[in-house]
Amino acid sequence: IEAGTSSVLRYYRCMLEGRASGKVTLTGQNLRRFPLEIADMRHIQHLVIRDNVIDSLPDALSSLVGLTLVDARNNRLEYVSPAIGMCTALTHLDLGNNLLSKLPFPMGRLPNLKVANFEDNRFVAPLLELVADTPKLLAYLRSLEQSMTDGHLELSEKGLSSFPPE
């Protein structure tokens, strides 16, 4: 945070409110990095960090297993840690309007994910074909992750028109 005392106070006020309510909202605060203090707030359910300049969602996500909503749209995300697969309570995920070209395979382990937005990123086929259909996307990511352990990649009936570069 480089905008002065009022911005720092606003940031800390949002963090205190989030700690109390379980809903951390840090919208439009010009954050360049994911605030690692959030990893200590293991009880939070909502994390809204949209409209910043954050470039990655780090491994610290693994401690936030109670998250049901993550809104990180309109950032500069190029990387999402595989640790997001630990957030199994997640039902809503918005990573729209970022710089993502890949998604971590463990994201396929999110059994409760119902609403996902990945629009306006840098995906190519076949991922580009799947991001609009959350169940198909999750099944695809699970298939890729499974192939890493058993050496067999099963993509029949996934509705793909091209072979994955992964």
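No experiment lies behind these values; they were computed from the predicted model shown. Any value given below was found using the heavy atoms of this structure, including those in side chains, with hydrogens, waters and symmetry copies removed. The chain is numbered in sequence order, starting from 1.
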Approximate separation, where rounding is to 0.5 Å, of D94 CG and F118 CZ: 9.0 Å
Determine yes or no for a side-chain-to-main-chain donor-acceptor pair under 3.5 angstrom, with S56 supplying the side chain and P58 the backbone. no
Is the shortest side-chain heavy-atom distance between V24 and M15 below 4.5 Å? yes
I'd like to know if the side chain of N121 reaches the main chain of F123, judged simply by a donor and an acceptor atom lying under 3.5 Å from each other, with no hydrogens or angles considered. no
Measure the CG-OG distance between D40 and S63 for me, rounded to the nearest 0.5 Å. 7.0 Å
Nearest non-hydrogen partners of A72 and I49, listed with the distance: CB-CG1, 3.8 Å
The single option from L137, L138, L130 that satisfies side-chain contact (heavy atoms from CB on, under 4.5 Å) with T134 is L138
Does any donor atom in the side chain of N112 or T91 lie under 3.5 Å from an acceptor atom in the other side chain? no
With N97, which of N74, D120, D51, N75 fulfils side chain to side chain donor-acceptor pair (under 3.5 Å)? N74
Distance in Å, H43 NE2 paired with L64 CG, rounded so as to fall on 0.5 Å steps: 10.0 Å
Quick one: closest heavy-atom pair of Q29 and C14, and the distance? NE2-SG, 3.4 Å
Just wondering, more than 12 heavy atoms not from Y12 lying within 6.0 Å of its OH? no
From C87 SG over to L69 CG, what is the distance, rounded to the nearest 0.5 angstrom? 11.5 Å
If hydrophobic clusters are built from ILVMFWY residues whose side chains come within less than 4.5 Å, do M41 and V70 share one? yes
What about L31 and V8, same hydrophobic cluster or not, with Ile/Leu/Val/Met/Phe/Trp/Tyr joined at side-chain heavy-atom distances under 4.5 Å? yes
Nearest non-hydrogen partners of E145 and P106, listed with the distance: OE2-CG, 3.6 Å
Ion pair R76/D55, N-O distance below 4.0 Å: no
For the residue pair L47 and D71, establish whether any side-chain heavy-atom pair is separated by less than 4.5 Å. no
Salt bridge E119-R73, side-chain N to carboxylate O under 4.0 Å: no
If I take atom CG from residue L110 and atom CE from residue M107, how far apart are they, to the nearest 0.5 angstrom? 6.5 Å
Can you tell me if T68 uses its side chain to pair, donor with acceptor, with the backbone of Q45 under 3.5 Å? yes
Applying side-chain contact (heavy atoms from CB on, under 4.5 Å), run through E37 and Y11 and close with a yes or a no. CA-CA 12 Å; E37 303 91 347; Y11 171 82; 3.0 Å; yes
Would you indicate whether the side-chain heavy atoms of I44 and I38 approach each other to under 4.5 Å? yes
Checking L57 against S81 for the side-chain contact (heavy atoms from CB on, under 4.5 Å) test, could you report, in this order, the C-alpha distance in whole Å, the side-chain angles of both residues, the deciding distance, and whether it holds? CA-CA 6 Å; L57 294 181; S81 168; 5.6 Å; no
Shared hydrophobic cluster for V53 and L36 (ILVMFWY, side-chain gaps under 4.5 Å): no
Is there a side-chain contact between P82 and F105, using heavy atoms and a 4.5 Å cut-off? no
Specify the closest pair of heavy atoms between T88 and R109, including all atoms of both residues, with the distance to one decimal. CG2-O, 3.9 Å
Backbone N or O of R50 within a donor-acceptor pair of the N52 side chain at under 3.5 Å? yes
Indicate the atoms forming the closest heavy-atom contact of A60 with F34, along with that distance. CB-CE2, 4.4 Å
Look up atom OG in S7 and atom CG in N30, then write down how far apart they are to the nearest 0.5 Å. 8.0 Å
Check whether any side-chain N or O of R142 sits under 3.5 Å from a backbone N or O of G108 as a donor-acceptor pair, and report yes or no. yes
Are N117 and L93 packed together at the side-chain level, in the sense that at least one heavy-atom pair is separated by less than 4.5 angstrom? no
Nearest heavy-atom neighbours spanning A116 and L113: CB-CD2, 4.2 Å
Applying the 4.5 Å side-chain criterion to the ILVMFWY set and letting contacts propagate, would M86 and V80 be lumped into a single cluster? no
Is it possible for you to say whether L99 and L127 belong to one hydrophobic cluster, with membership spreading through side-chain heavy-atom contacts below 4.5 Å? no
